[in-house]
Protein chains: 2
Amino acid sequence: MVTKQYTGSPDEADLTRADSLAREIFSDVANKWALLIIESLGEHTLRFSELRNEIEGISHKMLTQNLRMLERNGLVERTVHPTVPPRVEYTLTEPGQGLRETVDGMCGWTRRYLGHIEASRHHFDA
Amino acid sequence: MVTKQYTGSPDEADLTRADSLAREIFSDVANKWALLIIESLGEHTLRFSELRNEIEGISHKMLTQNLRMLERNGLVERTVHPTVPPRVEYTLTEPGQGLRETVDGMCGWTRRYLGHIEASRHHFDA
DNA sequence: CGGCATCCGTAGCGATACTG
DNA sequence: CAGTATCGCTACGGATGCCG
């Protein structure tokens with residue numbers, strides 16, 4: 001899928017367009033911060049500041065940037081409560097939930113192979 | 001999991017260490033090039049140059065760098081055939097295969113929501 | 001509180017070239 | 001063919017400050 005090159009055949013124009021779009025989406029989504037945000041949101045809906053506290057080490061800027069990107073792709077929904085001070089909440093949409101399931105898989109995988117990987121690292125670094 | 005902060009409680013020292021390690025692994029793995037390599041390898045074993053051709057747009061440098069990283073974490077195995085010219089092949093290890101399954105999930109997800117996402121983008125950009 | 005703009009350092013990444 | 005090293009440049013990402 002995401003890895004095929006454009007061979008130049010005119011018949012493949014649509015497939016190629018779909019592929020490059022897929023690749024674009026993949027590049028958007030396959031980054032540390034985006035995935036951590038998806039994972040943190042999970043079932044619940046969180047405020048900006050709550051996300052900031054939940055995700056260790058993320059900066060104000062990266063959080064907004066990635067939230068915008070996720071919103072643009074329709075993975076999170078942003079609702080602004082017109083109070084003062086403002087209250088902005090984020091939730092996963094249905095597509096976002098779908099992605100979250102696969103991210104859950106990655107987290108599970110990480111836990112399962114923690115020890116294995118740590119050992120491999122030590123071996124490699126020697 | 002990967003998102004919890006260190007609360008300072010001494011009882012949680014081990015959990016915290018495990019978490020930060022998990023986070024480290026997650027950061028290694030949750031990047032575009034690493035995931036594309038994992039996905040490209042899939043079932044088969046590929047040579048360096050084959051990977052380079054398979055993955056559109058990856059540079060020589062990024063490929064070696066990520067392959068080293070994946071090897072270090074024990075996700076890919078690197079076998080050198082002492083021929084001339086040299087022939088170096090890469091395969092997914094068992095943990096690597098495990099990760100690949102979740103990446104497959106992400107790719108499937110991308111395909112499923114391609115149209116939805118494209119629409120959302122157009123709506124957002126207006 | 002949350003968002004946007006600005007400034008600025010660092011490191012990510014590509015291009016090139018040299019070895020076994 | 002594959003790997004390592006070096007040199008740049010860009011763009012990512014953090015810090016700060018000002019608005020609604």
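Just so we're on the same page: letters track the sequence lines, and every chain starts at 1.
- When all heavy atoms of B:Gly98 and A:Trp109 are compared, the pair lying nearest together is C-CD1, 3.6 Å.
- In this structure, B:Leu67 atom CG and D:dT4 atom C1' are separated by 14 Å, rounded to whole Å.
- Note on A:Glu54 versus A:Arg52: no salt bridge recorded, every NZ/NE/NH1/NH2 to OD/OE distance being 4.0 Å or above.
- Rounded to whole angstrom, the span from the CG atom of B:Asn66 across to the P atom of D:dA2 amounts to 17 Å.
- Residue-level contact check: B:Arg87 touches neither bases nor backbone, having no heavy atom under 4.0 Å from any strand.
- The side chain of B:Lys61 lies closest to D:dT6 when the candidates are C:dG3, D:dT6, D:dA2.
- Among the nucleotides C:dC4, C:dG2, D:dC1, the one closest to any side-chain atom of A:Ser49 is C:dG2.
- Between the NE2 atom of B:His81 and the P atom of D:dA2 there is a distance of 12 Å, rounded to whole Å.
- Relative to the side chain of A:Arg78, the nucleotides D:dT4, C:dG3, C:dC1 differ in distance, and C:dG3 lies closest.
- The two residues A:Val76 and A:Thr93 come nearest to each other via the heavy atoms C-CG2, 3.8 Å.
- Within the 4.0 Å cut-off from OP1 or OP2 of C:dC4, at least one side-chain nitrogen or oxygen of A:Arg68 is found.
- Using a 30° and 60° split on the angle between ring planes, B:His116 and B:Tyr113 fall in the perpendicular class, above 60°.
- Atom CG of B:Leu63 and atom C1' of D:dT4 are 14 Å apart (whole Å).
- Going from atom NZ of A:Lys32 over to atom P of C:dA11 covers 13 Å, rounded to whole Å.
- Separating the CE atom of B:Met69 from the P atom of D:dT4 is a distance of 15 Å, rounded to the nearest angstrom.
- Between the P atom of D:dG13 and the CG atom of B:Asn31 lies a distance of 11 Å, rounded to the nearest Å.
- Straight-line distance from the CZ atom of A:Phe48 to the P atom of D:dG20: 19 Å, rounded to whole Å.
- A side-chain donor from one of B:Gln97 and B:Arg100 sits under 3.5 Å from a side-chain acceptor of the other.
- With the nearest nucleotide of DNA chain C identified for both B:His60 and B:Gln65, B:Gln65 has the one nearer the 5' end.
- Taking the side chain of B:Met62 as heavy atoms from C-beta on, and the options C:dG2, D:dA2, C:dC13, the nearest nucleotide is C:dC13.
- Heavy-atom distances to DNA chain D give each of B:Pro85 and A:Ser59 a nearest nucleotide, and the one nearer the 5′ end belongs to B:Pro85.
- A:Tyr90 has no side-chain polar atom (N or O) that falls below the 4.0 Å cut-off from OP1 or OP2 of C:dC1.
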